[in-house]
Amino acid sequence: MAKVFQKSKALSDAKFHYCPGCTHGIIHRLVAEVLEELEVMDRAVGIASVGCSVLTYKYFNVDMIQAAHGRAPAVATGVKRVHPDSVVFSYQGDGDLAAIGTTEIVHAAARGENISIIFVNNAIYGMTGGQMAPTTLVGQKCTTTGPGGRERSHAGNPLRVSEMLSTIDGSAYIARVSLHNPGHINKAKKAIKTAFEVQLQGKGFSMVEVLSTCPTNWGMTPVAAMQWLKDNMLPQFPLGEFKKLAEVG
Amino acid sequence: MAKVFQKSKALSDAKFHYCPGCTHGIIHRLVAEVLEELEVMDRAVGIASVGCSVLTYKYFNVDMIQAAHGRAPAVATGVKRVHPDSVVFSYQGDGDLAAIGTTEIVHAAARGENISIIFVNNAIYGMTGGQMAPTTLVGQKCTTTGPGGRERSHAGNPLRVSEMLSTIDGSAYIARVSLHNPGHINKAKKAIKTAFEVQLQGKGFSMVEVLSTCPTNWGMTPVAAMQWLKDNMLPQFPLGEFKKLAEVG
Amino acid sequence: MARVTFHEDWCKGCELCAAFCPKNLISLADRINEKGYRPATVVDMQKCTGCMACALVCPDVVIEVEREVS
Amino acid sequence: MARVTFHEDWCKGCELCAAFCPKNLISLADRINEKGYRPATVVDMQKCTGCMACALVCPDVVIEVEREVS
Amino acid sequence: MVKVLMKGNEAIGEAAIKAGCRYFFGYPITPQNELPEYLSKRLPEVGGVFLQAESEIAAINMVYGASAAGARVMTSSSSPGISLKQEGISFLAGSELPSVIVNIMRGGPGLGGIQPGQADYFQATRGGGHGDYRLPVYAPGSVQELADLTMKAFDVADAYRNPVMILGDGILGQMMEPVDFGDSRSKGVYDKPWAATGTRGRSKPNVINSLYLDPEELEEHNYSLLSKIQAMEAKERAFEQYLTSDAEIILVAYGTTARIAKAAVRQAREKGIKAGLFRPITLWPYPDKELSRAIRLGTRAVLTVELSMGQMVDDVRLAVGGRVPVYFYGRAGGMVPSTKAVYHEICRILGYTSELPSILEKGVRYCFHRGGELSGQGISKIQSAV
Amino acid sequence: MVKVLMKGNEAIGEAAIKAGCRYFFGYPITPQNELPEYLSKRLPEVGGVFLQAESEIAAINMVYGASAAGARVMTSSSSPGISLKQEGISFLAGSELPSVIVNIMRGGPGLGGIQPGQADYFQATRGGGHGDYRLPVYAPGSVQELADLTMKAFDVADAYRNPVMILGDGILGQMMEPVDFGDSRSKGVYDKPWAATGTRGRSKPNVINSLYLDPEELEEHNYSLLSKIQAMEAKERAFEQYLTSDAEIILVAYGTTARIAKAAVRQAREKGIKAGLFRPITLWPYPDKELSRAIRLGTRAVLTVELSMGQMVDDVRLAVGGRVPVYFYGRAGGMVPSTKAVYHEICRILGYTSELPSILEKGVRYCFHRGGELSGQGISKIQSAV
Amino acid sequence: MLHEIIIAGFGGQGVMSMGQLLTYAGMLEGKHVSFIPSYGPEMRGGTANCAVVVSDEEIGSPIVTEPNCVIAMNLPSLKKFEPTLVPGGLLLINSSLIKEESSRKDIRVCRIAVNELAAELGNDKVANMVMLGAFLGATGVVAIDSVVESLKKVLPERRHNLIPLNKKALELGAVQ
Amino acid sequence: MLHEIIIAGFGGQGVMSMGQLLTYAGMLEGKHVSFIPSYGPEMRGGTANCAVVVSDEEIGSPIVTEPNCVIAMNLPSLKKFEPTLVPGGLLLINSSLIKEESSRKDIRVCRIAVNELAAELGNDKVANMVMLGAFLGATGVVAIDSVVESLKKVLPERRHNLIPLNKKALELGAVQ
Ligand SMILES: Cc1ncc(C[n+]2csc(CCOP(=O)(O)OP(=O)(O)O)c2C)c(N)n1
Ligand SMILES: Cc1ncc(C[n+]2csc(CCOP(=O)(O)OP(=O)(O)O)c2C)c(N)n1
Ligand code: SF4
Ligand code: SF4
Ligand code: SF4
Ligand code: SF4
Ligand code: SF4
Ligand code: SF4
Ligand SMILES: [Mg+2]
Ligand SMILES: [Mg+2]
């Protein structure tokens with residue numbers, strides 16, 4: 001018998017600190033496997049953002065930089081401009097990327113910055129305890145929405161980041177994937193791999209938005225959270241490749 | 001004989017400080033006429049941003065607030081939430097709105113904030129002396145582009161803000177207009193009027209992007225600048241109504 | 001019949017009005033206004049149609065237009 | 001023939017593997033691991049197809065899968 | 001006069017409502033989240049607006065707009081988020097817009113940690129932002145004071161048309177104590193004829209602005225701000241003295257550390273050691289004259305205790321003016337000195353060596369002798385066994 | 001050794017290149033635009049990268065990334081833009097990332113004006129950002145010094161793994177003076193084994209980080225930062241003394257105002273008045289011991305002159321320690337005191353009343369007497385006819 | 001009297017409610033009280049603790065570094081806080097989860113199998129109330145009635161049906 | 001000698017180049033020099049001025065509040081800077097644009113019709129060089145040759161053809 005599935009070398013020995021069933025762990029694994037398969041571990045530089053995944057710098061077996069809340073794309077830009085041959089990625093939550101970090105992500109895309117973004121959309125601020133995120137669904141209850149959940153007339157609409165960034169000329173690859181079952185997890189990995197390949201080909205900005213769960217702050221079991229993602233997030237956040245430059249292989 | 005054209009009451013007696021032939025003055029007039037025609041002068045609150053138009057607070061005959069660079073939409077939000085019956089608009093340049101203020105404009109749109117934005121796109125930082133803007137065209141020479149002008153591979157692509165904001169669910173009316181001749185100036189006024197009407201109807205976020213000239217920093221006569229706008233900006237920034245909610249009258 | 005009036009002291013001599021007057025009626029005067037600019041002026045007022053093109057493009061609200069209205 | 005191995009000490013008992021195992025082979029053990037969780041386990045290993053569904057959804061990289069490869 | 005048991009963060013929220021504040025704009029950050037969370041529920045109940053902004057910067061600029069429009073308005077954050085608000089705070093001061101800004105401090109610099117800290121003292125008291133301006137900074141020492149000073153802050157903000165800061169720390173924000181809102185309310189709503197509300201019949205438009213391109217005009221504006229600063233310096237200082245009148249050593253501490261210092265002073269008094277506590281309640285204006293006067297002939301030393309590497313100690317030295325040595329004892333990063341450690345510090349300084357443990361408690365210590373010379377700088381890294 | 005005539009802003013740029021800086025990230029703002037504009041041309045010529053960021057915040061975080069990746073890197077801005085960088089600066093300090101930050105100060109607060117100012121002294125010298133950290137702050141007084149200190153700044157930044165600030169003002173940035181870059185270069189490129197470059201064969205990944213969730217770890221980190229701060233305090237202070245050895249009055253001023261003060265001192269000496277100038281070149285670490293020592297038996301007063309309402313005067317008072325009265329004279333908003341006004345101030349303080357004009361020049365004046373008591377506070381709003 | 005109490009355990013063991021109820025009860029009895037929770041990410045699935053002070057006089061420091069009572073609901077808590085107890089202090093150990101004995105000889109130790117006792121009452125969720133009862137039985141810091149009174153104030157109306165059970169748990173603990 | 005000079009005029013009158021050339025020439029002669037321009041939006045279409053110091057000794061303050069020479073290229077500049085001249089100072093007036101006379105009696109005044117003189121040379125763009133020449137003729141702060149030398153350094157190679165004309169203008173000014 002052969003091992004057909006084992007932990008990637010691009011993951012360190014540190015145990016994840018995430019809540020039971022939190023999909024951050026799945027995404028870590030996918031990114032690590034892609035880094036290993038593309039053989040770029042020794043020139044990869046990852047940017048950890050501020051959110052539950054702030055400690056990613058402990059989990060990836062590559063050089064890592066912890067960035068201020070929302071500023072990972074700017075930090076990634078700094079790294080990439082100094083070492084154009086490095087493989088630079090950021091790992092950001094929806095509060096980090098789609099709220100405070102909007103300017104930085106939009107302009108990294110507009111510059112066609114040759115970096116890859118892993119965007120974890122779990123429709124909530126996980127780390128700070130369940131406040132409303134820009135991606136929170138209308139009606140979804142959070143600690144700052146009041147008992148009725150997000151009200152469209154008061155707090156507006158969930159931001160569809162992939163659609164927005166696709167309109168920007170510098171973006172080369174934009175995809176939205178989901179983790180709600182093993183099949184989609186495999187697709188998510190394919191998209192992440194494409195994103196890194198786009199970077200390796202020097203095509204410009206790539207981002208994969210990963211629909212994820214936060215069982216703790218959604219107040220559900222991990223299994224129920226997967227179902228909730230499927231039932232509620234997919235309609236608001238359709239999956240697909242929103243942008244793929246013709247030349248992207 | 002009757003006066004068919006005269007200065008609007010919504011303009012103060014202060015003379016504009018703009019350079020000769022600068023289209024900021026035209027836009028001021030259009031906004032003023034709309035405020036007067038809609039009879040909202042006494043409940044209008046304008047937000048002046050940081051750019052050549054920073055002194056607009058001297059020119060409009062309505063209550064005005066000068067905002068920090070890029071933050072006019074947030075300031076407008078503060079005003080509108082306190083006085084929902086007021087008519088709130090911001091007047092922002094492309095450096096202000098599309099660079100440093102990206103987060104604020106995107107999220108004002110996402111909230112469906114019921115305000116109107118006048119977005120003056122002159123493809124350059126006017127006030128600070130001609131540096132590259134997010135809207136600067138590829139090849140356009142600025143004081144910070146180097147002699148070859150903006151290089152796509154280094155500084156990326158001009159940001160098409162109207163297209164980007166149109167993808168956001170909270171935006172109710174988004175249009176791009178131009179001032180390169182009297183006919184288009186009239187169309188620009190119509191769009192501005194629609195934007196304010198959308199606000200009066202409580203439909204949500206409205207923005208009119210006005211393609212404008214900066215003869216001084218483009219290094220041209222005002223007349224040549226109008227032609228340059230037509231020849232170079234229109235292809236990159238197509239005109240039109242990018243978003244008009246069905247209900248918008 | 002139509003007439004355009006220039007608030008000369010506001011004029012900056014940018015010549016936009018001149019460029020867009022369909023009748024080519026506008027030119028800059030030789031005198032200098034208080035701001036140091038040569039102000040725009042119309043010599044041949046009879047030819048003015050009151051089309052307002054000049055007023056619409058003037059960035060400094062220099063121009064008033066009067067015309068016969070029916 | 002296939003086999004799954006659990007690095008029990010990493011398991012947080014989230015039950016995602018159990019939910020997605022097409023053969024319904026996985027359940028939580030009664031014992032408690034060092035982190036205070038009931039770890040996932042497979043009783044009827046013969047039925048395992050090595051489909052990897054469990055490993056793919058496990059957020060804590062607990063599971064290794066072995067299988068006959070041709 | 002019913003006491004309720006409340007978290008500090010929530011008490012601030014309730015006090016704001018009692019003070020007539022109806023608008024809150026903020027962005028989540030630990031350890032102050034209970035404040036926005038509380039207000040997200042409470043404000044709509046009283047007809048107010050809670051809006052979660054897209055960032056701290058957006059929040060402070062929404063505050064700018066709401067204040068410009070005449071409202072009583074608040075924002076809150078913690079250290080890194082407050083750094084992001086510095087431009088906005090400078091604008092509020094420059095445009096003379098009243099507002100209340102809460103900083104529930106945590107460990108820094110950078111992302112630091114989320115445990116309590118007092119290392120934003122400099123930032124709060126002397127312009128983290130650019131330009132000449134000052135904020136009244138209140139340093140509550142209990143949940144009751146968090147409530148009382150929050151209410152006061154709104155009045156002071158309106159009276160001077162100036163932003164005001166409440167400077168707490170993670171412990172104060174998270175702790176529960178009984179609090180009595182009583183009939184305490186703010187002095188009521190100030191008339192704001194300057195506000196940008198739409199002219200609504202007013203003949204002259206109102207303009208809110210901090211730009212003065214003409215340097216002579218800007219200088220005049222600076223002078224008028226300075227006059228206001230001087231008025232606040234004269235009238236708005238607050239402090240507490242505890243057993244200072246005969247003290248050989250005066251401890252100076254604020255907020256959480258003042259609580260610890262008070263306990264240490266008691267412990268010292270029980271042993272017959274004449275210690276006292278001077279607790280500034282306003283960190284700006286600093287009660288420097290009052291502290292100066294507290295130092296008498298019998299005062300042999302002043303000891304500043306902070307959850308920092310030494311910041312308020314500058315103000316203490318300025319007040320003391322070199323007359324007695326100024327000692328500093330600090331912990332950092334979320335670590336908090338024990339009452340006993342502070343007591344030992346008192347004993348060490350006064351020479352009661354028999355009271356000292358064999359290994360001193362962890363902490364940073366230094367001393368400024370008369371005339372300002374620094375000495376005895378040291379970091380004890382060994383945690384005492386005690 | 002060829003002198004070239006250069007604008008201050010451009011001299012900083014050229015000096016950065018001479019120091020091996022190859023990366024610049026910035027955002028336009030007056031009065032420092034000539035610096036990024038210069039580098040947008042020069043950096044590509046030497047194989048470097050000039051990138052205009054989308055904001056000051058993006059710029060400082062690009063600096064963070066480039067520095068983390070091992071590069072010598074610079075950013076520049078002016079007052080409001082520097083306020084926006086405060087979180088980033090705190091992160092740079094927390095993660096121990098060397099970098100050079102230029103602030104060409106203008107009038108504040110808020111949008112203020114674009115004329116020269118010195119009102120960001122507090123922000124620069126004591127953490128505009130949150131947490132316990134310090135930046136070496138250089139205050140050049142001429143275009144030559146702008147160049148020399150910029151080069152030095154890169155070395156100091158790398159030596160201590162700490163951000164360093166160049167604090168100039170609009171006049172220094174805009175003025176032209178001859179400058180000699182000579183063979184002056186930085187000490188060369190520092191080895192940065194800690195940088196995040198990709199492991200490239202290194203066995204252990206490098207991590208750049210300022211987060212320490214465990215308060216004990218964060219405290220250790222704070223202590224290690226403090227040790228570095230103390231080392232910089234001991235070794236990196238710089239200052240100039242001019243005729244202080246027999247001075248009855250010592251003027252203290254930096255940057256542009258030091259130039260004016262020097263001229264006023266000369267004017268006084270011509271009249272036989274014993275004035276001297278103490279010019280701090282590092283504002284942090286402040287040369288407090290040196291200033292303290294400059295005060296001798298014959299020193300009757302110290303006069304601080306600033307383009308602010310009084311900020312550095314705190315450091316002067318701390319150094320003087322109450323031994324002689326500390327006077328302050330300041331202008332604001334872009335207005336600059338004339339040499340004669342400063343000379344008059346000297347005469348006024350020393351009692352040479354016959355030298356005084358009938359109306360004193362515009363400005364803010366106060367005096368801290370021995371022991372720190374404030375007095376004689378006043379704003380002269382009337383511009384003298386002189 | 002000055003009571004400085006540390007209560008510590010796993011996230012889900014109701015440690016915070018114990019502390020808050022005790023604090024509330026103290027307040028109802030007119031005593032000076034304070035409560036400080038641990039906070040932050042370590043709570044998530046990890047351990048939680050709180051410091052309660054109940055005093056007849058004004059409270060100096062609400063921060064408890066040298067408690068005179070420690071309630072340890074799990075082993076890590078015992079390890080962490082046992083050494084901080086003042087000599088003569090009281091240590092309450094949840095013996096349902098902690099098999100280890102205390103190593104100190106200069107303190108008073110009570111072992112209570114709160115999970116089993118709660119199970120006796122038919123609801124293991126009230127294990128924390130059993131422990132709180134035990135604490136009150138041993139110290140009398142506040143009366144059980146005051147805690148019950150506090151429950152009435154803290155619990156929403158619709159959950160008042162739980163009060164009798166909680167009261168039983170407190171009383172059961174108190175007699176251990 | 002210490003020369004403190006203010007040069008002021010409209011934006012397009014070449015006021016900054018005059019100042020820079022003078023400064024450059026001073027440097028070439030081994031003197032101590034400094035140059036401070038006015039900056040900011042007021043320059044846009046408005047007025048511009050600069051302060052030049054040329055000195056044999058180290059320069060104290062480069063800021064000129066009491067110049068010993070003022071060159072006024074237009075009326076607003078005359079109004080603004082004439083009062084700041086030290087008694088005995090030199091005032092150069094561009095009489096092509098300024099009809100007004102100086103109101104001070106304690107200073108030296110020269111009126112030069114620089115526009116007309118420049119027109120004589122066939123290029124009104126060199127009016128500023130005529131004025132600079134007049135200033136040098138009156139004061140001898142630096143030699144005309146040094147200014148010509150400076151032009152060589154400041155102008156890009158392809159514009160060196162303009163140097164003879166500028167030299168003529170300087171010389172023409174110097175003999176006024
Ligand atoms: C400047 C700043 N503001 C706020 C915070 C507090 N904060 C920490 S994480 C976070 C948001 C986390 O949400 P998200 O990015 O969605 O990540 P998640 O935890 O959901 O994975 C916030 C607001 C901070 N650390 N810094
Ligand atoms: C925080 C901050 N950053 C930078 C500036 C400097 N600044 C003033 S205006 C401006 C940009 C103006 O460009 P734009 O918004 O396009 O307006 P325009 O002048 O072209 O109309 C900048 C960067 C500032 N005042 N504040
Ligand atoms: S809080 Fe949510 S996002 Fe964060 S670790 Fe827990 S489940 Fe994951
Ligand atoms: S610089 Fe450009 S945008 Fe500004 S006023 Fe002049 S022409 Fe208009
Ligand atoms: S109204 Fe028409 S025709 Fe008359 S001057 Fe103006 S543009 Fe010319
Ligand atoms: S467009 Fe207006 S400002 Fe321009 S020349 Fe004509 S009248 Fe004058
Ligand atoms: S490999 Fe497939 S069949 Fe085997 S345990 Fe895992 S999910 Fe079940
Ligand atoms: S998915 Fe992983 S962590 Fe969750 S129960 Fe299964 S093995 Fe354990
Ligand atoms: Mg999230
Ligand atoms: Mg622009």
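Both backbone and side-chain heavy atoms feed into the values below; hydrogens, waters and symmetry mates do not. Just so it is clear, the structure is predicted and the values come from calculations on it, not from any experiment. Each chain gets a letter, A, B and so on, in the order the sequences are listed, and its residues count up from 1.
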Ranked by heavy-atom pairs below 4.5 Å to chain B, first place among E:Thr197, E:Ile60, E:Leu211 goes to E:Thr197

Please state whether the rings of [X] and [Y] are parallel, tilted or perpendicular, taking 30° and 60° as the class boundaries.
{"X": "B:His17", "Y": "B:Tyr59", "value": "parallel"}
{"X": "B:Phe89", "Y": "B:Phe60", "value": "perpendicular"}
{"X": "E:Tyr23", "Y": "E:Phe25", "value": "parallel"}

Tell me whether E:Lys85 is salt-bridged to E:Glu56, with the criterion being a basic N under 4.0 Å from an acidic carboxylate O.
no

Item checked: Salt bridge flag under 4.0 Å for residues B:Arg29 and B:Glu33 -> yes

Could you look at [X] and say if it's the side chain, the backbone, both or neither that has a heavy atom under 4.5 Å from chain B?
{"X": "E:Val49", "answer": "side chain"}
{"X": "E:Ala53", "answer": "neither"}
{"X": "E:Leu51", "answer": "side chain"}
{"X": "E:Arg22", "answer": "neither"}

Region of [X] that comes under 4.5 Å of a non-hydrogen atom in chain E:
{"X": "B:Val45", "answer": "side chain"}
{"X": "B:Leu55", "answer": "side chain"}
{"X": "B:Ala44", "answer": "backbone"}

Check: Does a side chain donor of either E:Ser40 or E:Gln52 reach within less than 3.5 Å of an acceptor in the other side chain?
Finding: no

Assert top hit (heavy-atom pairs under 4.5 Å, partner chain E, pool B:Lys80, B:Arg111, B:Met41) equals B:Arg111

Interface check, chain E: of B:Asn61, B:Val75, B:Asp63, most non-hydrogen pairs under 4.5 Å belong to B:Asp63

| B:Glu197 versus B:Lys193: any side-chain heavy-atom pair under 4.5 Å? | yes

